[in-house]
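In this text, all values refer to a predicted model and were calculated from it rather than measured experimentally. Naming convention: chains lettered A, B, ... in sequence-line order (proteins, then strands); numbering from 1 in each chain.
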Amino acid sequence: MEQALKNKIQITLPDGSARAFAAGVTGIEIAESIAKSLAKAAVAVKIDGVQRDLSDPITSDAALEIITLDSEEGLEIMRHTVAAQLLARAVKNLYPDAKLAIGPTIENGFYYDIEFKEPLSSEDLEKIEKEMRKIKETNAPIVKSLNSKADTIAAFKDRAEPYKVEIVEGADQEDGFQLYAQGDTGFIDLCRGPHLLSLKQVGVFKLMSLAGAYWRGDSSKQMLTRIYGTAWRNDKELKEYLHMLEEAEKRDHRKLGAEMDLFHFQVEAQGSVFWHPKGFTIYNQMEGYIRRRLNNAGYKEIKTPQLIDNKLWEKSGHWGKYRENMFVVPDEIPSTDDDGPVVSDKAFEKLMALKPMNCPAHVQVFNQGIKSYRDLPIRFAEFGCCHRNEPHGALHGLMRVRQFTQDDAHIFCREDQITDEAVAFCDLLKTVYSDLGFDDVKVALSLRPEMRVGSDELWDKAEDGLRQALLKTGLEFTEEEGEGAFYGPKIDYQIRDAIGRTWQCGTLQLDFNLPERLDASYVGQDGEKHRPVMLHRAILGSLERFIGVMIESYAGKLPLWLAPTQVVVAPIVSEFDAYAQEVCDAMKAAGIRVETDLRNEKINYKVREHSHAKVPVIIAVGEREATDKTVAIRRLGSDKQSVEDLAKAIESLAQECKAPY
RNA sequence: GCUGCUGUAGCUCAGUGGUAGAGCGCGUCAUUGGUAAUGACGAGGUCGGGAGUUCAAUUCUCCCCAGCAGCACCA
């Protein structure tokens, strides 16, 4: 009796029901006992919340959940199997010398980092994919074994897999290394699992691209070849995913920027934007909108120098920590002698740098005159144009440039003002994002790192100040231990765009360091000198990048107030050019950005062209409209027209075309 | 910066060891038309830059530059 009890274990299912099984029962056996269909759909189990293989014996009472392919978790496990079993084995079949590194899953797919003797081409990718299909057809069972450290190392040394050896050697466990084999094919892969029971359960997959990636993400280490792939439950899902990728490509701001004639780049100013009239209209609208918001929130706008002597950068600490990202200029008049050097050796004794940040300059403004505790908080805003010497490979359209303008501001305040300032900032940021169409904001509070300046009391106060501010604003947030900057804790804000991608734009950073280094102070109530706390903050981050995000999120169809051309007035026949001009002039007078299209083209052609150019409102005027003093309005994205009285239309459009603030 | 791929007309892209082609756009002319392409004709290119192989290179080889993807870095 006692013996029998010992051999029985209680398995609790997610619905709360419990069943008894013999100790050593496996997940797949339990699934089969519940329903055959469940066993068929099962890909893994969760035992007490931990993912395990269906074939793992369960030896003690446990809460068990069966993971099926329908779930996101199940799909991820399937992708993992495609990477670690199909892709890895296919590569080893075709390239026996290839060295496998790691093959995790990522959003929408997976990759595998592998060292090849020769670089791969896209034809190789097709070859590998073909081989994967062949392997999948074998429906081979996937069998796991548990091994000791020594055995595992020996197995991979035997197979000349140095990366696997390195992984195992670096692991702190001594036992229980999981090796997955496919039947008796001789293929094994090290993996934390779980994996499918057999290749039979694999859905559809496609290899997507090749890229380089450093071993262990370290740029000083070996560059491996990364093969990216995607896998889905069925063809329909794969098709939808590929379609989504196409859509994202269509929204690419670099493409839309060229099509819509907003901006361009050229080699003579790599990484810097040439704004065209239409693009700069958007830029100016954004800047004007933020300026009004900041002004209303008690900020004072300033403008500080572009070129600053390196002495100040030395004091601020940028020279030591940030110099490789700075553009440095000798302060000497260049020689006009064509044969000689442009500047003398001596010129390098006096250097200046284009500012990569505005903060040290803002402290200079703060430091003018004596500040009293009564003056605080002081909020200096600047549309500061910064230059950063970014690695060439990092440059990416408007998203990553070498010259950009921040909607930057620095708040100088007392320690007791941190929370109020942070609350005010969070509120402002929420309002701005909402005005711009971003209501999904992810917030992270980064707390003290190991290496830091400032006392623990100060950090306590600062971290709690930010935490209270977030709670007060009602923004949901996560806390990231150790992720703060050495000079203070920070809040990072990520917005989610129309197709679900996230962008880091806004930030609020406390700084205990810079006021100290640049000797900023105010006179307290006690008549003594005190250090102000400095808050760095931005909402858009960089105007360039944010406009890029707006273009992609709106797929070029910007809100009316931001559209470079808000209205085009097109006569149907040239007889009514004069009326079109009259409509245009009246709208212009009402503050609308409006143009006429008097070209000798059919109305169809004009509608098509301006629709492609993403003009939000097209007004057609012909005989009827001219006679009745009306306009026929057509909105972008609709093929309906509405005929309205001219004066009324101007009034309502003018209202609609206004910025949200 | 690293790895790989790419570079042909304003744009999208064919193509070839023997001096280059399409569509769109652009220009001219005709056409005055009611909501996503009117027609005809025409102009446009040192085939990214440099070197090499060759009788001959846009095509093959090497170097450089730039763009793209990813990595690393980051607003």
Q: Applying a 3.5 angstrom cut-off to the pairing atoms, does RNA chain B sit in any stems of at least three consecutive Watson-Crick or G-U pairs? List them by first number.
A: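 Only these stems qualify: B:1-7 with B:65-71, B:10-13 with B:21-24, B:26-30 with B:38-42, B:48-52 with B:60-64.
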Q: Quick one: side chain to side chain contact (heavy atoms under 4.5 Å, CB included) partners of Asp408(A), sequence neighbours excluded?
A: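 Scan of Asp408(A) (side chain to side chain contact (heavy atoms under 4.5 Å, CB included), adjacent residues dropped) gives Asn358(A), Gln406(A), His410(A).
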Q: Between atom CD1 in Ile227(A) and atom P in G70(B), what is the gap in whole Å?
A: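 It works out to 16 Å between those atoms.
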Q: For nucleotides 22-26 of chain B, give me every protein contact, N/O to N/O, under 3.5 Å, one pair per line with atom names.
A:
unit_1 : atom_1 : unit_2    : atom_2 : d
G25(B) : OP1    : Tyr605(A) : OH     : 3.4

Q: Restricting to side chain to side chain contact (heavy atoms under 4.5 Å, CB included), what partner residues turn up for Asp435(A), sequence neighbours left out?
A: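 Side chain to side chain contact (heavy atoms under 4.5 Å, CB included) check on Asp435(A) returns Tyr289(A), Arg293(A), Thr431(A), Pro660(A).
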Q: Within the structure shown, what part of the strands sits under 4.0 Å from Glu544(A) by heavy-atom distance: base, sugar-phosphate, or nothing?
A: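 If one applies the 4.0 Å heavy-atom cut-off, Glu544(A) turns out to touch nothing in the nucleic acid.
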Q: Can you list the residues that meet the ring pair (Phe, Tyr, Trp, His ring centres under 6.0 Å) rule with Tyr299(A), with sequence neighbours excluded?
A: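 For Tyr299(A) there are no ring pair (Phe, Tyr, Trp, His ring centres under 6.0 Å) partners, ignoring immediate neighbours.
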Q: Within the sub-3.5 Å range, which N or O atoms of nucleotides 2-7 of chain B have a protein N or O partner, and how far apart are they?
A:
unit_1 : atom_1 : unit_2    : atom_2 : d
C2(B)  : O4'    : Tyr214(A) : OH     : 3.3
C2(B)  : O2     : Tyr214(A) : OH     : 3.4

Q: Calculate the interatomic distance between Asp492(A) atom CG and A75(B) atom C1'; express it in whole Å.
A: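 The answer, rounded to whole Å, is 10 Å.
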Q: Could you list the residues that satisfy side chain to side chain contact (heavy atoms under 4.5 Å, CB included) with Glu107(A), not counting sequence neighbours?
A: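 Testing Glu107(A) for side chain to side chain contact (heavy atoms under 4.5 Å, CB included), a comparison that skips the adjacent residues, returns none.
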Q: Output all residues satisfying ring pair (Phe, Tyr, Trp, His ring centres under 6.0 Å) with Tyr554(A), sequence neighbours left out; order by chain, then residue number.
A: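 If we apply the ring pair (Phe, Tyr, Trp, His ring centres under 6.0 Å) test to Tyr554(A), skipping adjacent residues, there are no hits.
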Q: Which residues satisfy the side chain to side chain contact (heavy atoms under 4.5 Å, CB included) test with Thr304(A), sequence neighbours excluded?
A: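 Testing Thr304(A) for side chain to side chain contact (heavy atoms under 4.5 Å, CB included), a comparison that skips the adjacent residues, returns Ile302(A), Lys355(A), Ala361(A), His362(A), Val365(A), Glu382(A).
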Q: With the threshold set at under 4.0 Å for non-hydrogen atoms, list the residues of residues 616-630 of chain A touching RNA chain B in residue-number order.
A: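 Hits under 4.0 Å, by residue number: Ala620(A), Gly622(A), Glu623(A), Arg624(A), Glu625(A).
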Q: Only counting residues at least two apart or in another chain, list the ones meeting ring pair (Phe, Tyr, Trp, His ring centres under 6.0 Å) with Tyr111(A).
A: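 Expected list: Tyr228(A).
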Q: My understanding is that only residues two or more places apart in sequence, or in another chain, count here; which of them pass ring pair (Phe, Tyr, Trp, His ring centres under 6.0 Å) with Phe425(A)?
A: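 Partners of Phe425(A) by the ring pair (Phe, Tyr, Trp, His ring centres under 6.0 Å) criterion, ordered by chain and then number, come out as Tyr493(A).
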